[in-house]
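Values below: every heavy atom of this structure, side chains too, minus hydrogens, waters and symmetry copies. So that the names make sense, note that chain A is the first sequence line, chain B the second, and so on, each numbered from 1.
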Amino acid sequence: MTKQEWPLYEVFIRTKAGLSHRHAGSVHAPDDQMALSNARDTYTRRSEGVSLWVVRSDRIVASDPAETSAFFEPAEDKIYRHPTFYDIPDGVENL
Amino acid sequence: MYTQGLDQGGRDQQAAVETAEQLAAFQKRIDAEEKIEAKDWMPEAYRRTLVRQISQHAHSEIIGMQPEGNWLTRAPSLKRKAILLAKVQDEAGHGLYLYSAAETLGVSRDQMVADLLSGKAKYSSIFNYPTLSWADIGAIGWLVDGAAIMNQIPLCRCSYGPYARAMVRVCKEESFHQRQGFDIMLNLCRGTDRQKAMAQDALNRWWWPSLMMFGPNDSESTHSAQSMAWKIKRFSNDELRQKFVDVTVQQAAFLGISVPDDDLKLDEASGHYNYGEIDWQEFIDVIAGNGPCNQQRLDKRRRAHDDGDWVREAAQAYANKQAARVAA
Amino acid sequence: MTSDETRIAYTLRLADNALVLAQRMVEMVAAEPELEEELANANFALDYIGQARMLYTHAGQLEGKGRSEDDFAFVRDEHEFRNLLLLEQPNGHFGDALVRQFLFETWYLHLLDGLIACSERGLSEIAARAIKEVKYHSRHSSQWLVRLGDGTELSHERVQASLDDAWRYTGEMFAADEIDVAFQREFDGPDLAAIHKLWRRDVEKTVAEATLRLPDDDWMLSGGKQGRHSEHLGFLLAEMQYLQRSFPGATW
């Protein structure tokens with residue numbers, strides 16, 4: 001049979017309950033179960049996590065850097081979405 | 001554990017499709033301290049420089065497991081055995097993080113490993129020296145990791161995001177490596193005469209190779225200027241080497257062992273230590289493959305890789321079968 | 001045999017198992033088939049070194065003669081070691097080492113389960129910590145056995161041979177001698193006959209999933225638990241103990 005490299009997986013760790021999972025790095029593994037094991041053995045050696053996600057890197061759908069301006073810049077002028085846009089008179093509290 | 005001024009090699013040619021505007025825009029981002037991410041546009045030479053440097057760095061971690069691994073079965077106490085194993089394991093982990101960072105640049109781990117095994121890719125010259133006594137494990141932690149840290153901390157701010165992030169993790173994990181090495185040396189130096197002699201002998205053998213880890217003198221370092229401009233590199237080889245000498249000489253004095261350099265002398269005016277001439281011929285020889293252990297290190301890596309063939313294939317074959325069963 | 005002697009002897013057997021296995025695993029460093037497996041092997045070996053340290057320290061405390069973990073590990077002779085023969089066998093290839101791990105850990109997991117419930121407080125506490133580690137190892141080694149057994153033709157053949165070779169060392173795990181019997185009686189310790197049934201059930205299940213054949217219960221080798229070892233242990237100890245032997249009394 002032809003030699004295949006084990007596929008690449010991206011690893012996400014929840015460092016403690018209450019926080020969201022965050023990208024930590026990647027591992028190679030032949031299947032999902034082993035990807036989970038490899039992620040555990042590689043990225044949680046110093047008690048870094050309480051929960052792990054792994055996902056095949058080739059299954060991630062990503063935005064294209066060439067389209068960055070079209071994707072993200074239109075949000076930049078919607079400053080009225082941010083609370084700092086509004087002047088609140090002195091004396092008004094709890095708002 | 002380490003990256004070094006191994007970045008010699010032919011000058012990269014600029015690919016024809018890169019326009020002056022693209023290059024200028026790229027440099028502007030770098031100058032503004034923006035991070036470059038995997039899918040961003042980048043000059044081909046920048047990409048190749050990074051692939052070379054990151055993969056050399058990864059290979060160094062992997063080969064670097066061997067000289068220390070050599071003493072795992074003979075560590076003198078259970079505590080030392082556990083610490084050393086944790087450290088050698090970290091090196092495997094760091095190799096893994098670094099290969100992953102290089103993979104974001106479109107080169108596969110398989111390809112990088114093939115380049116290492118064929119002798120095409122380089123790794124740090126320091127790991128081609130033998131570990132002959134337990135004190136060598138102390139000396140490696142203290143000197144080699146000490147030199148490595150000087151090199152690596154600036155890399156946490158490297159312009160390429162995935163490399164910088166990998167280095168943040170590496171540096172965080174490595175913070176105990178140098179200390180455990182110094183701790184081994186300290187125990188030996190406070191021990192019996194034979195133990196102290198062992199420590200002195202290790203310093204004698206590892207001092208000069210450690211200084212070589214910073215790479216050629218600035219005047220000889222071919223890629224330094226471009227790497228500095230791209231913020232892949234932030235300090236020159238000689239700057240880092242001087243910093244290393246200044247701190248390490250004082251630590252040796254504390255241990256009560258002497259640095260094997262008759263020319264070593266504090267320059268009162270600058271506050272820096274002057275040190276003797278490095279034997280660059282030895283450096284060149286070791287890089288060229290003629291160090292005491294080059295052959296042995298690569299042979300062991302090749303053997304492990306070949307012996308693992310059937311295992312990797314079996315795991316893949318099983319995964320393929322499982323996928324087919326699910327599909328059926 | 002006093003009941004203190006019983007629990008010290010029992011503890012040292014467990015400690016020797018952990019240490020000798022750890023030493024074999026340490027020999028595999030930088031020779032694993034893939035980088036990720038390096039990380040796993042080192043994690044598991046670190047777990048066993050940790051267990052050995054806790055167990056030796058516990059034995060030293062029970063004994064009360066001031067012997068440290070390192071005194072037990074580095075200055076006892078071959079015949080004083082009481083580990084299972086299975087664990088001192090040379091690593092061989094990845095499949096050999098994996099089968100050793102699988103057969104031992106499937107047993108060890110049930111043993112630890114029994115120890116948690118025993119009345120020897122120190123051992124019960126150590127077992128409660130160790131079982132978490134070994135549960136994870138066992139998952140890993142079982143999965144790998146299935147991958148190799150049901151992988152390629154070559155891997156199937158190789159790991160079947162590994163299983164056939166290692167089988168003769170498994171009987172010793174269940175052959176209760178006077179120390180096992182006394183520990184069970186006096187400290188409500190594990191019942192090896194009951195563990196044998198559980199082990200058999202678990203091993204059969206994984207071996208079947210791996211499409212492998214369970215070897216016949218032919219002649220079983222034993223003696224490790226009584227200090228009668230194979231030739232391999234002497235070399236393992238000579239290497240491991242060399243610095244302590246060569247620098248008597250030195251600190252490191």
Which region of B:Ala319, side chain (C-beta onward) or backbone (N, CA, C, O), has a non-hydrogen atom less than 4.5 Å from a non-hydrogen atom of chain C, or is it both or neither? neither

Residue among C:Ala31, C:Gly95, C:Ala30 with most heavy-atom pairs under 4.5 Å to chain B: C:Ala30

Less than 4.5 Å to any heavy atom of chain B: does that hold for the side chain of C:Ala73, its backbone, both, or neither? side chain

Taking every heavy atom of B:Ala82 against every heavy atom of C:Leu46, the minimum-distance pair comes out as O-CD2, 3.3 Å

Top contributor to chain B interface from C:Ala250, C:Ala52, C:Gly151 [non-hydrogen pairs under 4.5 Å]: C:Gly151

Turns out that what part of B:Met198 lies under 4.5 Å from chain C's heavy atoms comes down to side chain

Quick check for you: to the nearest 0.5 Å, what is the distance between C:Phe72 atom CZ and B:Leu78 atom CG? 11.5 Å

What option among B:Ile62, B:Leu188, B:Leu96 has the most heavy-atom pairs under 4.5 Å with chain C? B:Leu96

With a 4.5 angstrom heavy-atom cut-off, could you sort out which part of B:Val88 is near chain C: side chain, backbone, both or neither? side chain

Distance-only criterion, 3.5 Å: which donor-acceptor pairs connect chain C and chain B?
| residue | atom | partner | partner atom | Å |
| --- | --- | --- | --- | --- |
| C:Gln23 | OE1 | B:Lys81 | NZ | 2.7 |
| C:Gln23 | NE2 | B:Thr73 | O | 2.9 |
| C:Ala30 | O | B:Arg301 | NH2 | 3.3 |
| C:Pro33 | O | B:Arg312 | NH1 | 2.6 |
| C:Glu34 | OE1 | B:Arg109 | NH1 | 3.0 |
| C:Glu36 | OE1 | B:Arg109 | NH1 | 3.1 |
| C:Glu36 | OE2 | B:Arg109 | NH2 | 2.7 |
| C:Leu39 | O | B:Gln89 | NE2 | 2.8 |
| C:Asn43 | OD1 | B:Gln89 | NE2 | 2.7 |
| C:Asp70 | OD1 | B:Leu78 | N | 3.0 |
| C:Asp150 | O | B:Lys321 | NZ | 2.9 |
| C:Asp150 | OD1 | B:Lys321 | NZ | 3.0 |
| C:Asp150 | OD2 | B:Arg325 | NH1 | 3.2 |
| C:Asp150 | OD2 | B:Arg325 | NH2 | 2.9 |
| C:Gly151 | O | B:Lys321 | NZ | 3.0 |
| C:Glu239 | OE2 | B:Thr73 | OG1 | 2.5 |
| C:Gln244 | NE2 | B:Pro76 | O | 2.6 |
| C:Ser246 | O | B:Arg194 | NH1 | 3.1 |
| C:Ser246 | OG | B:Arg194 | NH2 | 3.4 |
| C:Thr251 | O | B:Gln195 | NE2 | 2.9 |
| C:Trp252 | O | B:Arg80 | NE | 2.7 |
| C:Trp252 | O | B:Arg80 | NH2 | 2.9 |

Minimum-distance pair of heavy atoms, taken over all atoms of B:Leu85 and C:Ala45: CD2-CB, 3.6 Å

With a 4.5 angstrom heavy-atom cut-off, which part of C:Leu39 approaches chain B: side chain, backbone, both or neither? both

Looking only at C:Leu148, C:Leu154, C:Val159, C:Leu236, the option with the highest number of non-hydrogen pairs under 4.5 Å against chain B is C:Leu148

